[in-house]
Structures are given as C-alpha cells and as structure tokens.
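First comes the structure, then the notes that go with it.
Every chain is numbered from 1, with letters handed out A, B, ... down the list of sequences.
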2 protein chains.
Amino acid sequence: MTDLFMELDRSSPVPLYFQVSQQIEQAISSGRLGPGARLDNEISLADRFGLSRPTMRRAIQELVDKGLLVRKRGVGTQVVHGQVSRPVELTSLYDDLARANQAPRTTLLVNEIVPASEVVADILDVPVRSQVLRLRRLRFANGEPLAIMENYLPADLSDIGRADLEERGLYQLMRARGVHIRVAKQRIGAKAGTTEECRLLGERRGSPLLTMDRATHDDRGRPVEWGHHAYRASQYSFEVTLVDH
Amino acid sequence: MTDLFMELDRSSPVPLYFQVSQQIEQAISSGRLGPGARLDNEISLADRFGLSRPTMRRAIQELVDKGLLVRKRGVGTQVVHGQVSRPVELTSLYDDLARANQAPRTTLLVNEIVPASEVVADILDVPVRSQVLRLRRLRFANGEPLAIMENYLPADLSDIGRADLEERGLYQLMRARGVHIRVAKQRIGAKAGTTEECRLLGERRGSPLLTMDRATHDDRGRPVEWGHHAYRASQYSFEVTLVDH
DNA sequence: GAGTGGTCTAGACCACAGT
DNA sequence: CTGTGGTCTAGACCACTCG
C-alpha cells in the first residue's frame with residue numbers, strides 16, 4: 001500500500017465517504033491497486049485520511065456493494081480478481097447510449113391517452129379505465145434499430161406526450177418535471193419477436209428478443225411509469241452484480 | 001403507526017439491525033404496513049426499539065436497498081406502492097427451485113477435466129491450458145426441462161466432479177468444500193437455441209433462450225466458477241430491483 | 001495472541017421539505 | 001419555523017482468522 005490518498009475537500013458538498021470511495025475506485029481502475037491487492041485495515045486507512053472509522057467503513061462498503069472489493073473478518077479487504085465491470089445503476093437506456101457515444105435516436109410510434117387496463121391500473125395505482133398516457137417508441141443506436149419500448153404513465157405526467165420524446169430519454173423528461181426516480185423493479189426474460197416487432201427492428205421473423213418489464217417508483221413510493229421493452233438480442237444485454245452480505 | 005415492534009433478543013447472534021428490519025418487512029408483507037404508509041421518524045423508532053439511531057438507520061436502509069421502503073429528506077420514510085416482490089439474492093437456481101417446491105432435478109451431461117482455453121483461463125485466473133473442471137448439466141423443474149448449464153471450475157475444486165451433482169446445486173457443493181461465495185457478475189441476454197439445445201430442452205428448433213454468463217468470486221476475491229447458462233424463455237425470467245442512492 | 005472486520009452507542013451538525 | 005433524513009465523530013466490545 002503506497003499512498004493512494006489525495007487531499008479531501010471538507011468544504012465540498014460531496015460526502016467524505018464518497019470522495020474516499022472514488023479515490024479508491026480510481027486506484028483500482030488505474031491498476032495502482034491490482035487484482036487481489038490487499039488494502040490496509042480500516043483503522044489505519046481512517047487515520048491516513050483523517051476520518052473516523054465509520055466514515056472509512058462506509059467508503060469501503062460502497063465498493064464492496066459494487067463488487068470491486070471483498071472483505072473477510074480476520075483477514076482483510078482485497079481487490080476482487082477479474083476485469084473491472086461497468087457499474088449497474090439506475091440509468092436510462094438513452095443516457096447509457098449517449099454516454100457511450102452510441103448516438104441514440106428515437107422514433108415515436110404511438111403517443112395517445114388511453115383508458116387504463118386492469119393490469120396497467122393495478123401497477124400505476126390508478127382507477128381502472130382512468131386515463132393514462134401510452135407511448136411506443138423505436139430506439140436506434142448508431143443508426144441501427146435497438147429496441148421497441150412501450151410505456152404507460154399516470155395522467156398527471158401525460159404532458160410528457162407533448163415533449164420532445166424523439167430527442168430525449170423518458171427518465172430525463174420525467175426528472176425535468178420534478179419526478180425523483182428512486183426504485184425500479186425489472187423482470188428480464190426472452191421471447192420470439194412477432195412479425196411486426198422483427199420488421200421494426202430489422203430482424204428476421206421469429207428472432208429472439210430480450211425483454212424487460214419495469215415498474216418505476218418515485219421518492220414517495222408512487223408508481224410513475226410502467227414499461228415493456230424488447231431489445232434485439234444480437235445487440236444488447238444486461239449486466240448485474242450480486243453481492244452476498 | 002401502531003406497535004409493529006416485538007421484543008428484540010439482545011443475546012442472539014442475529015444482529016439487532018437485522019431483527020428490526022425483518023420485523024418491519026414482516027409488517028409490510030402482512031399488510032399491517034400498506035403501500036404508501038409512513039413510518040415514524042428514525043429517532044422515535046429508535047426509542048421504541050430501544051436502539052441507537054445508527055442501528056435503527058441501518059435496519060431501515062436494508063429495506064430501502066431491497067426496494068420495499070423509500071425515503072426522502074424532510075419528508076419521511078414510506079412503504080413503496082405496488083406488489084411485494086421476491087428479494088433478489090445471491091442464491092443458486094437449485095436452491096430457488098427447492099424453496100419454491102419446484103422439485104429440482106439434474107442430469108449430468110459432461111463431467112471432465114479439460115485444458116483451459118484462453119477465455120476460461122483469463123476468467124478463472126489460471127494459466128492457459130492448465131487443467132480445469134468442465135461440467136454440463138440439464139436442470140429440470142417439476143419434471144420439465146428448464147436450463148442447460150455449462151460451468152468451469154479451477155483445478156483445486158475439481159473433486160466436485162466426483163460429488164453428487166445430480167442431487168445438489170453447484171453452489172451448495174462449493175460451500176460444503178469451504179468456498180465462501182461473495183460476488184457474482186452476470187450478463188443476461190437472449191439467443192436462438194441451437195438444434196441440440198432445443199432438443200435437450202424440449203423446445204422447437206430455434207426457440208428463444210434466456211442466457212446468463214456468470215463469473216463468481218469467493219471472499220478472497222478469487223474466481224471460483226465461470227458459467228454459461230441457457231434457460232427456456234417460456235419457463236424462466238430474472239428479477240432485478242435497482243435503487244437510486 | 002495479534003490483527004481483522006462486524007456491530008453498537010450517544011451524541012453532533014447539516015441540508016432539505018413543508019408550513 | 002419545525003421536522004425529517006444525511007453525514008460524521010470517537011469511542012466500545014465482540015467474533016473470527018491465522019500463525
């Protein structure tokens with residue numbers, strides 16, 4: 001363990017534990033802390049950063065939850081072997097693509113107010129047959145079709161239907177309307193594409209599609225979106241990191 | 001908020017924060033705390049349980065990470081709307097099926113020591129062409145074929161090949177050999193099944209399969225398993241809950 | 001026995017939401 | 001303004017691993 005610590009900015013609004021975890025993460029991805037490398041114990045690390053032990057612990061725990069570090073009582077904290085994997089976060093497909101310079105583009109197929117079916121009403125926690133916004137979009141990346149996305153939103157967010165849905169992601173537009181997205185529950189599966197789906201996606205009839213059903217909730221626990229997405233299996237997959245606590 | 005608290009067992013080895021989080025989770029799944037219900041603030045909850053605030057916070061945080069609760073500064077803690085979803089944990093398919101009384105059964109297709117290919121050697125962090133254990137199994141649930149599972153294990157775990165792989169899950173056998181599984185990095189996708197895969201799974205040729213590639217690490221950060229699984233899309237899907245921190 | 005992480009306490013100050 | 005969660009401190013004791 002050489003000095004992997006820079007100064008902390010105690011006047012910054014960024015929490016100290018986050019500043020520390022970012023510095024350690026940087027040390028890992030840059031190779032200064034290679035696979036299997038052992039970190040010093042919490043006490044001495046806390047001393048070196050000038051922090052209390054709980055704060056140092058939280059910084060380390062952030063990286064354990066990300067799957068970058070592994071800890072064992074009586075042994076210590078080590079960097080996990082294997083390639084660094086991209087973090088799994090609550091981001092939108094649009095933002096992911098934009099960040100990866102994949103030139104996302106969207107075609108709006110359907111944009112209408114419909115009465116809620118029983119299924120949609122149940123998930124969005126609104127009365128059956130009350131009005132909800134239905135969207136159906138075709139998402140491109142690098143000019144190639146990537147996914148068909150069907151979404152339902154409660155009535156008070158239906159003005160999103162008048163926004164520039166072809167130029168921005170759904171999450172981004174919701175955030176701009178003061179919706180603070182907190183929890184997304186997803187079910188990932190697969191199916192054979194229908195004739196229409198495959199036509200839209202430029203796949204052969206019956207090609208396998210990766211599907212994702214998602215219910216999204218805001219910081220009040222209120223359902224704010226339900227979606228059914230179908231991705232070209234040849235172009236897309238999901239990454240998930242699981243940690244045993 | 002009525003009294004949803006029972007006594008805590010301070011002599012138990014079960015951590016207090018876990019006892020509390022389980023009681024709250026029970027109150028939610030039983031309906032005593034319905035969707036949208038507000039919890040008392042941390043201080044009074046801590047008082048009622050006779051705990052310090054950090055311990056109470058940790059109990060609540062457990063459920064926030066599970067997607068059951070939602071918190072907002074200046075507002076409070078509320079139960080998320082929507083149906084209670086099964087927790088996503090680092091468990092094996094075999095254990096999941098057994099717990100759901102799905103009568104898991106396994107047929108061993110391949111059980112051999114092979115030289116590691118470059119890909120396998122890289123993931124398992126062993127020399128290329130060194131010996132690794134290769135397994136290929138067909139997993140049934142309720143008598144129906146469910147998944148084809150191909151796995152590679154480093155040489156020092158190759159005695160698992162002599163274990164009762166048809167009667168127990170791989171994770172269970174690894175644990176029995178003192179392997180403490182900690183981190184699993186998965187990539188979930190879809191593909192059309194090959195002729196052989198579909199034959200084994202009892203699907204029509206070219207049926208869509210849900211695929212999962214997984215690298216597993218133990219509590220020292222060492223790679224202990226790499227697997228490529230293919231599930232019948234008509235029978236299986238993954239659940240994932242994402243939380244914005 | 002020495003060293004590690006896991007748990008827990010009793011305070012403190014702050015940022016933000018809603019009135 | 002009041003109430004909430006978010007952060008941070010400086011200790012303490014325990015359980016576990018390993019030599």
Side-chain angles (χ1 to χ4, degrees), chain A residues 1 8-22 24 37-65 69-80 178-180 182 218-222 243-245, chain B residues 1 8-22 24 37-65 69-80 178-180 182 218-222 243-245:
Chain A
M1 285 279 302
L8 300 178
D9 181 359
R10 301 191 83 102
S11 67
S12 160
V14 178
L16 294 173
Y17 72 84
F18 191 76
Q19 294 184 40
V20 173
S21 74
Q22 280 206 318
I24 299 177
R38 264 203 33 224
L39 265 66
D40 279 356
N41 67 61
E42 299 173 340
I43 310 278
S44 47
L45 278 177
D47 280 349
R48 251 198 283 171
F49 279 103
L51 294 171
S52 68
R53 186 181 165 206
T55 303
M56 193 63 224
R57 265 184 78 74
R58 173 146 186 196
I60 294 173
Q61 193 59 44
E62 292 274 313
L63 302 180
V64 171
D65 291 341
L69 296 179
V70 168
R71 356 186 46 183
K72 188 175 188 183
R73 172 155 50 181
V75 175
T77 305
Q78 293 175 282
V79 180
V80 76
V179 177
H180 298 92
R182 268 304 160 78
D218 70 3
D219 54 7
R220 290 282 176 82
R222 192 178 75 108
V243 179
D244 191 15
H245 291 293
Chain B
M1 284 278 304
L8 300 177
D9 181 359
R10 299 192 85 101
S11 67
S12 160
V14 177
L16 295 174
Y17 73 85
F18 191 76
Q19 295 184 40
V20 173
S21 73
Q22 280 205 317
I24 299 177
R38 268 211 22 230
L39 266 66
D40 279 355
N41 66 62
E42 300 173 338
I43 310 278
S44 47
L45 278 176
D47 279 350
R48 254 201 278 172
F49 278 104
L51 295 172
S52 68
R53 186 181 165 206
T55 303
M56 192 63 225
R57 265 184 77 75
R58 174 149 186 193
I60 293 173
Q61 193 59 44
E62 292 274 315
L63 301 180
V64 171
D65 291 342
L69 296 179
V70 169
R71 348 188 53 185
K72 188 176 188 182
R73 172 155 51 180
V75 175
T77 305
Q78 292 175 282
V79 180
V80 76
V179 177
H180 299 91
R182 269 302 160 79
D218 71 2
D219 55 7
R220 292 282 177 82
R222 193 178 73 108
V243 180
D244 191 14
H245 292 291

Checking all strands, does L16(B) fall into the base, sugar-phosphate, or nothing category for heavy-atom contacts under 4.0 angstrom?
sugar-phosphate
Separation of dT7(C) P from E42(A) CD (nearest whole Å)
11 Å
If I take atom CG from residue D218(A) and atom NZ from residue K72(B), how far apart are they, to the nearest 0.5 angstrom?
7.5 Å
Rounded to whole angstrom units, what separation is found between the CG atom of L8(A) and the C1' atom of dC8(D)?
13 Å
Rounded to whole angstroms, how far apart are CZ on F49(B) and C1' on dT9(C)?
17 Å
Roughly how many Å is it from CG in L69(B) to P in dG6(D), rounded to a whole number?
12 Å
Under 3.5 Å, side chain of R53(B) to main-chain N/O of D47(B), donor-acceptor pair present?
no
Check: R58(B) side chain, F18(B) main-chain N or O, donor-acceptor pair, under 3.5 Å
no
Starting from P on dT9(D), measure out to CG on D47(A) and report it in whole angstrom.
12 Å
Could you tell me the separation between the NE2 atom of H180(B) and the C1' atom of dT17(D), rounded to a whole number of Å?
11 Å
Does dC16(D) have its OP1 or OP2 closer than 4.0 Å to a side-chain nitrogen or oxygen of R71(A)?
no
What I want to check is whether the side chains of S44(B) and N41(B) have a donor and an acceptor closer together than 3.5 Å.
yes
DNA chain C: P15(B) or K72(B), which has the more 5' nearest nucleotide?
P15(B)
May I ask you to evaluate whether N41(B) reaches the phosphate of dG3(D), defined as a side-chain N or O under 4.0 Å from OP1 or OP2?
no
From CA spacing to verdict: side-chain contact (heavy atoms from CB on, under 4.5 Å), L69(A), L39(A):
CA-CA 9 Å; L69(A) 296 179; L39(A) 265 66; 4.1 Å; yes
Once you round it to whole Å, what is the distance between C1' of dC16(C) and CZ of R220(A)?
12 Å
Heavy atoms within less than 4.0 Å of DNA chain D: which residues of residues 51-64 of chain B have one? Give them sorted by number.
R53(B), R57(B)
What one should report as the nearest heavy-atom pair of S21(A) and L63(A) is O-CD1, 3.6 Å
Indicate whether OP1 or OP2 belonging to dC8(C) is found under 4.0 Å from a side-chain N or O atom of Y17(B).
no
For V14(B), is there any backbone N or O sitting under 3.5 Å from a side-chain donor or acceptor partner on Q19(B)?
yes
On DNA chain D, check which nucleotide each of I43(B) and R10(A) is closest to and give me the residue with the more 5' one.
I43(B)
Mind calculating the distance between CZ (F18(A)) and P (dC8(D)) to the nearest angstrom?
12 Å
